[in-house]
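Each remark here refers to the structure printed beneath this line.
We name chains A, B, ... by the order of the sequence lines, and we start the count at 1 in each one.
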There are 2 protein chains.
Amino acid sequence: MRRASEETKATILDAARDRFAADGYERATIRAIAADACIDPSMVMRYFGSKEKLFAAAAHFDLELPSLVQVPRSEVGERLVRHFLDRWEGDEALMILLRSGVTNAVAAERMQAIFAEQLAPVVAEVAADPSAPASTRAGLVASQILGLALCRYVLRFPPVVEMSREEVVRWVAPTVQRYLADPAVPPPTPR
Amino acid sequence: MRRASEETKATILDAARDRFAADGYERATIRAIAADACIDPSMVMRYFGSKEKLFAAAAHFDLELPSLVQVPRSEVGERLVRHFLDRWEGDEALMILLRSGVTNAVAAERMQAIFAEQLAPVVAEVAADPSAPASTRAGLVASQILGLALCRYVLRFPPVVEMSREEVVRWVAPTVQRYLADPAVPPPTPR
DNA sequence: TATGTTGGCCAACGTTTGTTGACTTCACTC
DNA sequence: GAGTGAAGTCAACAAACGTTGGCCAACATA
């Protein structure tokens, strides 16, 4: 079958995203990706150069975080949690990074960059309280959000999977809200 | 060199734990493990049968969670966070599971089992408030604890790495405390 | 009809993987 | 001192991997 070049490239990229999301970097093979795309493995090399470059193309993505300046300060935690739930469930890009970032250095760096460049600025907008730097707050938010995704979508811990979306929001939003806006607990003052 | 059988087996197991913790299941090769243990790869097979069985032996471990019944109810979150920090930093077993559980089904099941059999009972002891089942509370605790470990020890997000141990406790302990003991936020009642 | 370009397939390469079986070397018992 | 069993080495296996280069067929332009 004969297609336009860009069409084939997009087909390969779709298949690659599926495989990287399901298997992680090492277990997702060029051959399997090519089979999914009904194409010869050598085509993958022709269009993307190498497995590493294919991964770089597949892992390119945007958190699409909305600015939170317009949101009432007391609701920023909830808004962020809802946005991330949408993002995890609607797109496999974060799954690619989570599955690959744990064993692949390139993926880990990419993940760091995404959170530094996309999450940190949004957090900085709403982190009015000066008792902790915005970067620390962003790190804490990331720890809860990624841990939730890990348990719910990757490790599939039954109690976490069984929670409804609204239950998740009711439990996790206050945590994120606190990380975003509350003052840091002061260290105990010895005397 | 000639050694007792059990000694060699232990040497192999040590090397295997190091490699699995550093590289995850797929990237840790039998050959590399054998080289670290200064032994022939075929010895690994003789003693453990297969790579899967070697992994099963290496991933066998105990959270060593203390019972929390004697701990004042208001301090259980802090105690749990401190215990996990000790555990992450003192032993690589949790790192093995975290690095491998994301791509390896056996490791993911093992992880599920450990949290169900070891964390859930301890949580059940202190989860007095009946507005949420103890299993849900355990899942939430796992999400925050594993997310913290992911960001701090695996992905190495700079702001999370740079936090001192005490800072981590001051931020995360209240979260875990709330998951353990606080009443669930009631759903909004439409009228 | 010739020609150059381009999408696609095929066969193979060199390497690495888990795994196997035969062989050697030591320590001990009869 | 011959013989047995276990500890350890060596070489090789089949399979899978990323990657390469050559060949074929369809199209566009002349």
Interatomic distance where CZ belongs to B/Arg46 and P belongs to D/dG5 [whole Å]: 14 Å
Contact nearer the 5' end of DNA chain D, comparing B/Ser42 with A/Ser50: B/Ser42
Length of the line joining A/Glu52:CD and D/dT19:C1', which is rounded to integer Å: 14 Å
Those residues that, when tested against B/Val168, pass side-chain contact (heavy atoms from CB on, under 4.5 Å) (two or more places apart): B/Leu85, B/Leu148, B/Arg152, B/Met163, B/Val172
Length of the CE-P vector between A/Met45 and D/dT20, whole Å: 5 Å
Interatomic distance where NZ belongs to A/Lys51 and P belongs to D/dT20 [whole Å]: 15 Å
Strand-adjacent residues in residues 19-32 of chain B, judged by heavy atoms under 4.0 Å from DNA chain C: B/Ala28, B/Thr29, B/Ile30, B/Arg31
Verify same cluster id: A/Val141, B/Trp171 (apolar side-chain graph, 4.5 Å): yes
Distance in angstrom units between B/Glu6 CD and D/dA7 C1', rounded: 13 Å
Derivation of the side chain to side chain donor-acceptor pair (under 3.5 Å) call for B/Thr175 and A/Arg178: CA-CA 9 Å; B/Thr175 297; A/Arg178 190 167 65 81; 2.7 Å; yes
Geometric cation-pi criterion A/Lys53 and A/Tyr47, 6.0 Å radius, 45° cone: no
Verdict with supporting geometry, A/Asp40 and A/Arg31, salt bridge (Lys or Arg N to Asp or Glu O under 4.0 Å): CA-CA 8 Å; A/Asp40 192 87; A/Arg31 285 170 149 89; over 6 Å; no
Residue pair A/Arg156, B/Glu109: steps toward the salt bridge (Lys or Arg N to Asp or Glu O under 4.0 Å) verdict: CA-CA 9 Å; A/Arg156 311 199 85 82; B/Glu109 278 167 36; over 6 Å; no
Sugar-phosphate only, base, or nothing, as touched by B/Phe48 at under 4.0 Å among non-hydrogen atoms: nothing
OP1 or OP2 of C/dG8 under 4.0 Å from side-chain N/O of A/Thr8: yes
Atom-to-atom span, CD of A/Glu7 to C1' of C/dG8 - whole angstrom: 14 Å
Euclidean distance, atom CE of residue A/Met43 to atom P of D/dG21 [Å, nearest integer]: 14 Å
hydrophobic_cluster_shared for B/Phe84 and B/Leu140, side chain cutoff 4.5 Å: yes
Separation of atom CG in B/Leu54 from atom P in C/dT17, rounded to whole Å: 15 Å
